Amino acid sequence: MKPACRSFRSLLEEKLVGRPDVTRLISLSWHEHLLGCDACRALFESEETLEVLLATLPEPNLSPEIKRRVLVALARSKSADRALDHLLERGADVEVPVGFAQEMLARLEPLRRAEQRRPTPADAVIEARLDALLDRAGAVAAPRDLARRTLQALESERTIRAAAAPNKTAAHRALQRASATEIEEGRLDALLTRAGHVAVPEGLSAHTLSRLAPARRALARPRLQILRSSWVMAAAAVLLAALLVWAMWPKHAGVVVPEMATNGTRTQPDSAAQPDSGAEARKTAQGNEAGSQQAVHLTDDHVARAPDPKMLEAWDVLENWDLLTKNDVDVILSTVQPEDELLLEYQDEG
Amino acid sequence: MGTRILSTVIAAGIAFVALVASAHAFQDEKSPTLDSARARWERLSPEEQARLQKNYERYRALSEEERRNLADRARVLRDERDRVHDELPPRTRERLQQLDPDTRREVMRDLVEGEVRERGARIREKMPEALVQRLEQARPEDRARFLAEFQRRARERVTLAAIDKIGRKLDLPREETERLKALPGDQRLAEVLELKKRLSERDAQQFGLPEGLTQAQWDEWQTLPPAQFFDRMQRWRRERETERNGGVEGQALHELGQAMRPRQDEVLDLAHLSPGERRLTIFQLRRERIIAVLRARHLLTDDKINELARLSEGAFVRSLRELVVRPLQQARAAAAPQAPPHRD
């Protein structure tokens, strides 16, 4: 490894110390070393992706003892990585024994089966077995595909978690989401490229998911928000349907008064407006009153049945009946059609 | 992604429903076709359905000629209503739309009735005085029949003369004039309107646009069918010529006409009142304006004005016509200059 690479990687390591925080890596993303070093750029991208992923996960709640064991295991893994780096640096022609990974996994198979068969094991026992597993694994390279599969399995939970995290500011969440969106695809590709074609241990996913079950249960609460969102959508759909029904439903309750049809039948106000009609107006009012009474009797007979089509054809007349039949001279004259009005200009000629 | 699609679909659905509901609401404002008439029928209360049904029984009891006559007049009313609706200024339309549907319908009815009476007054001025008097004195139920009879005879008699006169002005070949005169009555009448429109267009080319009319207005008018073109021109003339004809009489008639004219904003301002109260208030406002003109121009003595002010609407209008408008029209006619080209 070149000195520049070591320098950059130690810088990267410093930035990665502590709780996951993508924003800390932003300053490094412009480091000049990344411009000329593909390996470090790939490493940076993968770490950045991991940082985003970790930031979306719930805070781990491990006992001090478990923490110690994990750190020990990670230290071994780290030393193994260093050894692997040295090995790779010493020569590209070193051949990995064919079937090495499968052989190792085959040896682990009985243990994994025993683990899976055990009904609802107590945490302490599981942890002890995990320790044993980690001890046995030694320098075995972790399946690189694990990251991809884990990300896939956690995709929905991560999305919800990121949206729901109540203790983060909106700006922080937006920044995280933006960062994840921009770099996730490319970084994941880089990770997958690095994974190569290592064989996947059988049952690894199930095991990983079973270990993540508590964390997933903790994430179950945001699912209620999805549910609530679905309810909102359903309510909107019902509202929409109701609106449509309302728009199309024949409205009997709200009385729709036809234009100019009720001049006479609005007896009191209109009579007040037309006081000059005198006896005629009173007669009309009385007639209308009698007509109204008769109309009420007619109601039962006529309302229920469909209107006569010929009646609908005469709608203009019926709707304006009072205005048309009041026979006010100006109103009558207003119905003179344009061609007849034109003839008035030539009447002296005829 | 799924949520976004669902949201988009729901938003589009709401927009669609709003459009349908809006169109549904506006259906009431437009001319009733058979379907819309049926829809409106279904929305009526039982009492109103019964009332319309009763009107229909009366309608059926009329003679065929009377029914046809009523249908013709109702069609003109409907056209007038559509015209008023279409020509509402944007601000007025906006105010109207803000009202609840029932009030909007009532206010629209008042606006249309105001325009109808204004149009009637315009026709009255052109009618032979003897016919107007006969109509006034006739029983209300006979008036429509008298008018229809007058129109029938006028169509037979005057269309031929009108074709001759307009044909000469347009320099139509004699064969063309004879062809038009030989057409069936309704077609011949329609041709008179068409010839009149051509004459107006030729006059505009020859003498320029009618005074006060913009080229844009004229271009819009020319796209109208002959009947609407003629109606638009008549309304424009009524507004302009009374004022233009000058003289004391012309000015007074113009001011009285403006005072009597229905005002859309006034009707809308009173939309909160019941229909009866609104009409009464509108009449009172018009009466105040008219009396102000009478006083300012000393057209009547104070005693007569006070007497007039106590009359009800119908009596007030009749008295005003007898005491003021008709004498002014006669005086104006006596002093009128020769008709300008656009009057032909």
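Everything numeric in this text was worked out from a predicted model, so none of it was measured. We use all heavy atoms of the structure for the numbers below, so side chains are in, but hydrogens, waters and symmetry mates are not. In what follows, chains are A, B, ... by sequence order, proteins preceding strands, each numbered from 1.
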Engaged part of B:Glu115 at the chain A interface, taking heavy atoms whose separation is under 4.5 Å: neither
B:Asp186 atom CG: more than 12 heavy-atom contacts under 6.0 Å: no
Interatomic spacing from CD in B:Gln151 to CD in A:Gln337 - rounded to 0.5 Å: 7.5 Å
Within-4.5 Å side-chain heavy-atom neighbours: B:Leu52 and A:Trp321: no
Sidechain N-carboxylate O distance under 4.0 Å for B:Arg75, A:Asp316: no
Under 4.5 Å from any heavy atom of chain A - which part of B:Phe150: side chain
Side chain / backbone / both / neither for B:Ile166 at chain A, heavy atoms under 4.5 Å: side chain
Contact origin within B:Leu111 toward chain A - heavy atom pairs under 4.5 Å: neither
Side chain to side chain, A:Lys310 and B:Arg60, heavy atoms closer than 4.5 Å: no
Single hit among B:Arg143, B:Arg318, B:Arg321 for salt bridge (charged side-chain N to carboxylate O under 4.0 Å, His left out) with A:Asp330: B:Arg321
Criterion side chain to side chain contact (heavy atoms under 4.5 Å, CB included) on A:Glu345 and B:Lys165, from CA distance to verdict: CA-CA 11 Å; A:Glu345 295 182 3; B:Lys165 186 168 184 182; over 6 Å; no
Under 3.5 Å donor-acceptor, B:Arg119 side chain and A:Val336 backbone: yes
Side chain, backbone, both or neither of B:Leu70 within contact of chain A (heavy atoms, under 4.5 Å): both
Contacting moiety of B:Arg67, where chain A heavy atoms sit under 4.5 Å: neither
Rounded distance (nearest 0.5 Å) linking atom CD of B:Glu118 with atom OG of A:Ser334: 11.0 Å
pair A:Thr335-B:Asp72: side-chain heavy atoms closer than 4.5 Å: no
Spatial distance of atom CZ (B:Arg73) from atom OG1 (A:Thr325) [nearest 0.5 Å]: 8.5 Å
Residue of the set A:Leu344, A:Leu343, A:Leu342, A:Leu333 for which side-chain contact (heavy atoms from CB on, under 4.5 Å) holds with B:Lys126: A:Leu344
Atom pair CG (A:Asn320) and CZ (B:Arg81), whose distance is rounded to the nearest 0.5 Å: 8.5 Å
Choice from B:Asp231, B:Leu189, B:Thr281 maximising heavy atom contacts with chain A below 4.5 Å: B:Leu189
Interchain contact, B:Phe230 with chain A, by part (heavy-atom threshold 4.5 Å): side chain
Interatomic spacing from CD in B:Gln49 to CE in A:Met311 - rounded to 0.5 Å: 7.5 Å
Where B:Ala144 and A:Ile332 come nearest, the two heavy atoms and their spacing: N-CD1, 3.7 Å
Between CD on residue A:Glu339 and CD on residue B:Glu191, distance to nearest 0.5 Å: 12.0 Å
